[in-house]
Engineer: 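Before I ask anything, let me first share the structure, which is written out below as structure tokens.
Throughout, a chain's letter reflects where its sequence line sits, starting with A, and its residues are numbered from 1. Worth knowing before you read on, the calculation uses all heavy atoms, side chains too, and leaves out hydrogens, waters and symmetry mates. Please read these numbers as outputs of a predicted model, since none were measured by experiment.
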Protein chains: 8
Amino acid sequence: MLLQKSQTLLFIGDSITDCDRAKPSGEGLFGALGKGYVSMVDAFLQAVYPELGIRVVNVGSSGNTVVDLQARWQEDVLDRKPDWLSIMIGTNDVWRQYDTPFIKDWHVYADKYEVTLSQLVERTKPHVSRLVLMTPFFLESNKDDAMRRTMDEYGAIVKKIAERSGALFVDTQAAFDVVLQRLYSGTLAWDRVHPSQAGHAVLARAFLNKIGFDWNKGL
Amino acid sequence: MLLQKSQTLLFIGDSITDCDRAKPSGEGLFGALGKGYVSMVDAFLQAVYPELGIRVVNVGSSGNTVVDLQARWQEDVLDRKPDWLSIMIGTNDVWRQYDTPFIKDWHVYADKYEVTLSQLVERTKPHVSRLVLMTPFFLESNKDDAMRRTMDEYGAIVKKIAERSGALFVDTQAAFDVVLQRLYSGTLAWDRVHPSQAGHAVLARAFLNKIGFDWNKGL
Amino acid sequence: MLLQKSQTLLFIGDSITDCDRAKPSGEGLFGALGKGYVSMVDAFLQAVYPELGIRVVNVGSSGNTVVDLQARWQEDVLDRKPDWLSIMIGTNDVWRQYDTPFIKDWHVYADKYEVTLSQLVERTKPHVSRLVLMTPFFLESNKDDAMRRTMDEYGAIVKKIAERSGALFVDTQAAFDVVLQRLYSGTLAWDRVHPSQAGHAVLARAFLNKIGFDWNKGL
Amino acid sequence: MLLQKSQTLLFIGDSITDCDRAKPSGEGLFGALGKGYVSMVDAFLQAVYPELGIRVVNVGSSGNTVVDLQARWQEDVLDRKPDWLSIMIGTNDVWRQYDTPFIKDWHVYADKYEVTLSQLVERTKPHVSRLVLMTPFFLESNKDDAMRRTMDEYGAIVKKIAERSGALFVDTQAAFDVVLQRLYSGTLAWDRVHPSQAGHAVLARAFLNKIGFDWNKGL
Amino acid sequence: MLLQKSQTLLFIGDSITDCDRAKPSGEGLFGALGKGYVSMVDAFLQAVYPELGIRVVNVGSSGNTVVDLQARWQEDVLDRKPDWLSIMIGTNDVWRQYDTPFIKDWHVYADKYEVTLSQLVERTKPHVSRLVLMTPFFLESNKDDAMRRTMDEYGAIVKKIAERSGALFVDTQAAFDVVLQRLYSGTLAWDRVHPSQAGHAVLARAFLNKIGFDWNKGL
Amino acid sequence: MLLQKSQTLLFIGDSITDCDRAKPSGEGLFGALGKGYVSMVDAFLQAVYPELGIRVVNVGSSGNTVVDLQARWQEDVLDRKPDWLSIMIGTNDVWRQYDTPFIKDWHVYADKYEVTLSQLVERTKPHVSRLVLMTPFFLESNKDDAMRRTMDEYGAIVKKIAERSGALFVDTQAAFDVVLQRLYSGTLAWDRVHPSQAGHAVLARAFLNKIGFDWNKGL
Amino acid sequence: MLLQKSQTLLFIGDSITDCDRAKPSGEGLFGALGKGYVSMVDAFLQAVYPELGIRVVNVGSSGNTVVDLQARWQEDVLDRKPDWLSIMIGTNDVWRQYDTPFIKDWHVYADKYEVTLSQLVERTKPHVSRLVLMTPFFLESNKDDAMRRTMDEYGAIVKKIAERSGALFVDTQAAFDVVLQRLYSGTLAWDRVHPSQAGHAVLARAFLNKIGFDWNKGL
Amino acid sequence: MLLQKSQTLLFIGDSITDCDRAKPSGEGLFGALGKGYVSMVDAFLQAVYPELGIRVVNVGSSGNTVVDLQARWQEDVLDRKPDWLSIMIGTNDVWRQYDTPFIKDWHVYADKYEVTLSQLVERTKPHVSRLVLMTPFFLESNKDDAMRRTMDEYGAIVKKIAERSGALFVDTQAAFDVVLQRLYSGTLAWDRVHPSQAGHAVLARAFLNKIGFDWNKGL
């Protein structure tokens with residue numbers, strides 16, 4: 001387990017991270033962490049490692065692209081001084097190119113995505129103990145699908161940045177691809193983007209496995 | 001134009017037909033016909049052929065399969081004595097096999113679909129002037145996609161029944177496939193099932209063209 | 001078809017244009033374009049000319065007169081830099097003279113209407129490719145009706161400005177008059193102002209015909 | 001003043017009578033009589049003739065035609081044993097012929113209107129002290145308007161029945177026509193049917209004048 | 001009739017004047033004038049004197065005392081430049097002394113009431129054609145009741161100011177006292193303050209009689 | 001203290017007893033006993049005599065007269081088998097005579113009130129340990145007020161029945177009269193009927209004093 | 001893994017099982033399984049063992065005791081013909097003895113609990129492949145706390161029945177006690193009954209471990 | 001009785017004081033004082049000592065700690081110039097240490113609590129006639145419970161400050177402990193913090209007894 005006693009773990013991202021978290025600050029009781037993978041990660045950390053006392057905070061925001069993250073980075077990331085930071089962004093950067101193709105102001109293309117995410121990572125590295133970079137994903141098993149291809153391209157950018165910066169890298173698309181061999185994409189999400197609880201379990205499991213979580217601890 | 005003065009045209013189907021129509025009877029003022037292709041068909045009939053005085057009625061119901069249609073056929077179709085009947089059903093019959101694959105009671109497989117739809121058509125033919133059969137569709141351009149393959153199979157059944165029964169046949173999938181050559185499926189529908197207004201325009205146009213609607217009438 | 005690839009087409013007007021569009025910006029998914037003729041125009045453009053990739057934006061606002069348009073022209077028209085602009089205004093300028101005759105501050109009389117609309121047109125011409133001027137209308141077949149007479153006067157002003165400025169001119173009143181020969185005005189609108197979907201089809205059809213839309217394209 | 005101490009005065013009709021009255025019984029405190037002419041009649045009776053102690057009851061129902069009245073006559077009129085009964089019906093009988101001309105089941109034509117209203121009057125006469133028949137009306141000053149012509153025809157039927165049965169006759173259309181010489185119809189009602197408070201004042205005044213109400217009593 | 005063609009008549013006061021009027025400006029369609037005596041006055045003016053074209057505006061506000069009126073006098077009275085102004089204030093000035101006797105900051109005693117109302121009247125006289133002063137009232141027939149005694153004292157102040165300033169004086173308490181000889185106070189208002197529609201008819205009638213309204217005009 | 005260990009104490013009455021209690025059964029957690037004197041009685045019994053374990057149940061119902069109680073007596077009183085029963089009824093029996101004087105069906109006059117209440121008491125006596133009869137009251141200090149006089153008459157009937165039947169008698173009017181010497185009636189209730197929390201404290205105190213509650217227990 | 005391909009797994013219980021599941025049938029998309037341990041179990045089964053195709057159904061109901069289960073056993077358990085059945089009941093049976101101690105009808109004492117649960121188990125055994133019995137629990141670390149003592153007693157009954165019937169036994173209290181050594185009870189639940197997501201993770205983990213779930217499958 | 005005629009008594013605290021009071025100022029009619037002990041204190045003061053005319057004001061705010069009080073002290077206490085001030089604070093200062101132990105910014109530890117409360121008391125003493133300090137409490141009878149131990153420590157601090165400053169001291173924990181000998185803590189509050197009406201009666205009684213309230217006055 002890489003997390004250490006009393007550390008703060010902050011998650012930032014889009015609607016998949018947000019999942020109805022409390023505003024302005026996603027932490028505390030009464031479902032403040034939302035209904036997605038962040039809440040599951042917190043639940044299992046607290047249930048299995050209560051002695052660590054990890055403080056989990058969710059500052060995901062629905063509809064965000066990496067450009068939106070940049071605009072609120074100081075307030076929502078740096079000012080909160082987390083020990084760990086996990087970023088999963090890119091869904092909307094890609095999706096707008098496919099669901100509203102004619103509104104080009106809403107698109108964030110790969111070059112801008114790479115530059116912006118890189119800058120955020122570099123700016124943040126000195127201030128945190130560990131950084132986790134999670135790829136965006138598309139719940140479509142057909143790798144020739146146009147949007148899937150673009151999403152894979154963005155995932156490759158995340159991987160490159162992770163390697164360059166020494167961040168932990170979580171390949172969410174790879175984790176989903178295992179399941180998509182057995183289940184039709186529509187079983188996990190009607191829109192191929194917002195996953196069911198099963199999809200969030202895939203995400204939480206991929207994250208926890210990466211940080212050395214021992215599922216059999218105490219058994 | 002195949003429709004004749006003062007005829008009643010009834011549409012039955014699932015959520016794509018329903019589109020928030022008034023309940024229990026989808027006809028009259030204040031959006032009673034819903035927000036989809038049925039309302040568009042009615043709007044253009046009234047705008048371009050006001051002298052015909054066509055009465056359009058929408059009895060689509062969200063979530064319905066052909067088995068659900070069967071259960072309310074007497075009350076919602078035969079008792080209303082329409083001159084024309086248009087049926088578009090099958091989306092849910094197929095979709096449940098893909099979004100809730102483990103709940104098999106909710107699936108309507110191809111054999112049951114064919115038998116049931118055939119019976120409804122045969123039972124109704126003597127009572128109406130004209131019958132229109134519209135295929136179900138899936139807004140996915142990849143014809144090897146599992147659900148698209150199944151949907152195409154159901155579309156073929158509709159075609160077969162239309163030919164056998166002499167009904168007018170509207171190939172909605174073919175109409176969409178033209179558009180999908182240019183637009184990504186997600187532009188027309190996040191879930192590849194419930195179309196945007198543009199998708200409903202495709203449906204309305206396919207329907208109207210089939211019944212001999214003259215778009216340039218009066219120009 | 002006068003529209004060219006990747007152009008932006010902006011509609012401004014009153015409640016007939018607004019029709020519950022998204023605020024502050026009427027474009028994108030989920031019915032953002034409202035439920036009226038603007039949404040229909042967009043739907044048919046996308047369904048029939050998907051290869052053009054036209055971006056349609058709706059900035060109509062309920063209750064607006066030409067004076068209200070003037071107040072938000074910079075922000076809602078010029079700053080958005082549309083290629084095409086369509087204006088349909090005047091309903092409330094006239095209507096207030098008839099529904100609240102004693103509240104004279106709310107009336108916009110013909111001289112002020114003409115001056116203001118002219119100025120907006122002149123100010124905008126250098127910045128757009130094409131301008132469309134649609135007349136206001138009143139769904140009353142009796143041309144001796146007082147409010148109909150006034151509305152016709154405002155329509156004539158629009159025609160004059162269109163001619164002077166070289167804008168495309170859409171005579172919505174004429175389009176409706178054809179239908180009103182067959183249908184009682186109350187069939188299209190209880191209040192003779194806010195049309196049913198059939199009325200919006202009349203408007204969309206008049207607009208599309210004027211810009212060279214080919215209804216039979218691809219058939 | 002024709003009303004006598006402790007009498008009950010029942011009003012029946014459509015939405016113009018209903019006006020959000022309490023259900024199931026429109027009498028008592030807290031606006032139970034609705035917001036229209038019935039409430040005004042009650043208010044002035046109580047304010048000017050408090051010593052009479054007149055009990056006013058409103059059983060108007062939105063959307064009703066004379067056929068709907070017939071269906072609830074026993075329960076809503078006869079069982080309540082009023083001393084006076086006032087009927088104003090016919091708006092919807094006519095309106096449906098003009099706003100939904102293709103849905104003929106919803107129309108009540110003049111012959112059926114006359115027969116049904118006559119029967120109700122004859123059936124009720126033996127059980128009440130006085131009967132008041134108010135004409136339906138249409139807030140359109142152009143007597144050549146199609147719907148106005150039909151409404152006048154229904155008003156003439158009411159007059160004929162009133163004369164035959166000895167009922168008090170209130171010509172609401174005539175009362176409105178005086179005002180329509182000065183005000184455009186749209187000032188009184190956007191839809192020419194549901195009047196403003198000013199329109200309800202016209203109705204209340206016409207009713208009260210007919211029953212001998214002395215506006216200057218006590219001055 | 002003292003009102004002249006095209007004049008504006010503004011009403012200011014507390015909840016009895018307000019009665020759910022539209023905010024910020026109580027004028028126009030759709031019940032903007034509220035549900036009380038102001039709306040009734042407007043309705044009868046328009047119904048009986050449509051040729052005068054009187055513009056009625058309601059700026060009453062629930063809970064107001066004369067001190068609250070003072071705070072918004074410039075904006076809500078003077079800036080609106082009415083021809084006529086009608087003031088009915090004092091209910092809350094008195095009531096708070098009786099319903100929350102221990103919260104003395106909320107009371108407006110007689111001396112402050114007189115000085116403040118006087119100043120408002122003097123400040124306004126030069127700017128309006130006519131001023132109407134209506135007394136506050138308490139729907140309690142027992143003149144020895146403590147709150148009734150105080151309310152009568154405030155009514156006497158209004159009378160004194162009216163006489164001094166030449167304003168038209170409407171003695172609402174006297175008008176109600178006639179009715180209270182026949183009806184128990186609780187019939188007009190559970191709380192002896194907010195009248196039923198019958199109570200508002202008493203107020204409207206007292207106002208209209210004072211300005212020379214002819215109830216039998218046109219008969 | 002007359003109450004004994006583990007007894008059930010049931011309260012029945014009108015809105016003053018009801019006070020938003022849970023339906024269908026007013027007992028248990030989360031404010032199920034309502035917000036009035038019943039809840040206060042329960043709170044002080046539990047706070048001061050926790051060792052008694054008294055089960056308090058509230059079956060008051062807004063708007064009820066003694067005739068309404070009679071209709072639900074078997075179900076709401078006898079079937080619940082309480083050890084103690086407290087009845088406070090009569091407010092609406094009297095009030096309807098004063099707030100809706102012309103709707104005589106809604107009045108319950110003194111003779112009917114006496115007979116009905118007597119019968120309920122006699123029918124119940126054999127089944128309960130103790131019966132408490134509380135008078136209705138009117139928060140008006142003027143004993144010559146018409147409604148106060150009637151309410152006092154009904155209070156006298158309650159006293160007579162209490163004496164005859166050996167029930168404990170709580171003179172709520174007398175308890176309020178002490179307070180009304182100091183406070184204006186409107187301080188306790190705008191409508192002189194539904195008391196503030198202070199009024200409910202008067203009721204709870206009168207009830208508890210009658211059953212031998214020791215306020216200083218344990219001090 | 002004890003579960004086999006295509007089996008149905010039904011959960012029944014009280015609010016801890018219910019957690020806002022869909023009614024009447026807790027299965028399918030859109031959070032139909034609720035927000036608690038049942039949903040987590042399903043999510044991990046689908047994420048880790050998609051090839052098994054387990055159908056999970058939740059028929060928990062808030063507030064239920066074992067007596068309530070008995071009343072709906074035929075409809076909600078037997079008629080659904082599950083392969084596996086998991087029961088967790090007893091919280092309310094015990095809690096009512098402590099939160100509403102005076103309302104004895106609401107308590108289910110240990111003897112009745114044991115008899116009823118035993119009968120349900122015996123009646124069901126022949127119809128299911130496997131039965132899982134989960135103890136109720138109380139999130140209080142002090143084993144001398146009165147309610148904890150009682151809850152432990154009910155847990156012991158569950159254990160006894162599980163042993164007798166050969167059911168799988170999940171000791172939820174033991175699982176929680178491990179966590180309660182580190183976390184104060186109030187961290188898991190303000191009311192010591194309804195757990196946070198962390199508490200539901202404890203329950204899901206205890207259940208899954210018992211049925212042979214391999215957390216590291218596929219890694 | 002220590003309170004004197006016409007004094008103002010202000011209560012400040014957290015949710016137990018707040019109890020849904022009116023905002024921004026908790027005084028006046030319609031439940032403005034909330035639903036807890038403050039409202040009960042006011043009700044009994046007004047019911048038993050109406051001649052004193054005590055003005056009770058509630059400025060409690062849910063979720064407040066002593067640090068939150070400090071931030072609004074000038075506005076909510078000093079500017080209101082009360083004669084008496086009652087403070088009950090500390091619940092959240094302690095609770096956050098136990099329900100969200102990992103979010104340390106939300107905790108107010110004993111030293112900060114003592115310093116802050118002391119300062120507020122010293123700053124206020126010169127401006128008020130009397131000061132009442134009520135301890136926070138925890139509805140848990142087990143004095144070895146961790147949170148109970150901490151709460152007792154905070155109670156001891158309140159006692160020390162009361163003694164030092166000459167404030168009246170109300171030991172709410174002691175008052176509850178008497179009841180907790182008879183009732184399980186869960187009967188008074190599911191969360192052991194927010195008491196039922198019975199718990200508020202304990203608080204109101206402890207407060208009133210301390211200020212010399214005579215429960216038997218006037219009997």
Engineer: Could you list which of residues 5-16 of chain G have a heavy atom closer than 4.5 Å to any heavy atom of chain A, in residue-number order?
Structural biologist: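 Listed by number: none.
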Engineer: Look at A/V179, A/L33, A/V178, A/D42 and state which one has the largest set of heavy-atom pairs under 4.5 Å with chain G.
Structural biologist: A/V179
Engineer: Could you list which of residues 50-60 of chain A have a heavy atom closer than 4.5 Å to any heavy atom of chain G, in residue-number order?
Structural biologist: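 So far as heavy atoms go, A/P50, A/E51 are the residues that approach chain G to under 4.5 Å.
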Engineer: Name the region of G/F176, side chain, backbone, both or neither, that has any atom closer than 4.5 Å to a heavy atom of chain A.
Structural biologist: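 Neither part; nothing is under 4.5 Å.
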Engineer: With side chain to side chain contact (heavy atoms under 4.5 Å, CB included) as the test, would you mind laying out the steps for A/Q46 and G/L188 before giving the verdict?
Structural biologist: CA-CA 9 Å; A/Q46 210 177 105; G/L188 289 171; 4.2 Å; yes
Engineer: For chain G, which residues of residues 195-219 of chain A have at least one non-hydrogen atom nearer than 4.5 Å to it?
Structural biologist: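 Residues in range: A/Q197, A/A198, A/A201, A/V202, A/R205, A/N209, A/W215, A/N216, A/K217, A/L219.
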Engineer: Using heavy atoms and a sub-4.5 Å threshold, report which of residues 139-151 of chain A line up against chain G, by residue number.
Structural biologist: none
Engineer: Heavy-atom cut-off 4.5 Å, strictly under: side chain, backbone, both or neither for G/L29 against chain A?
Structural biologist: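 Side chain only.
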Engineer: Do other residues, nucleotides or ligands put more than 12 heavy atoms under 6.0 Å from G/K81 NZ?
Structural biologist: no
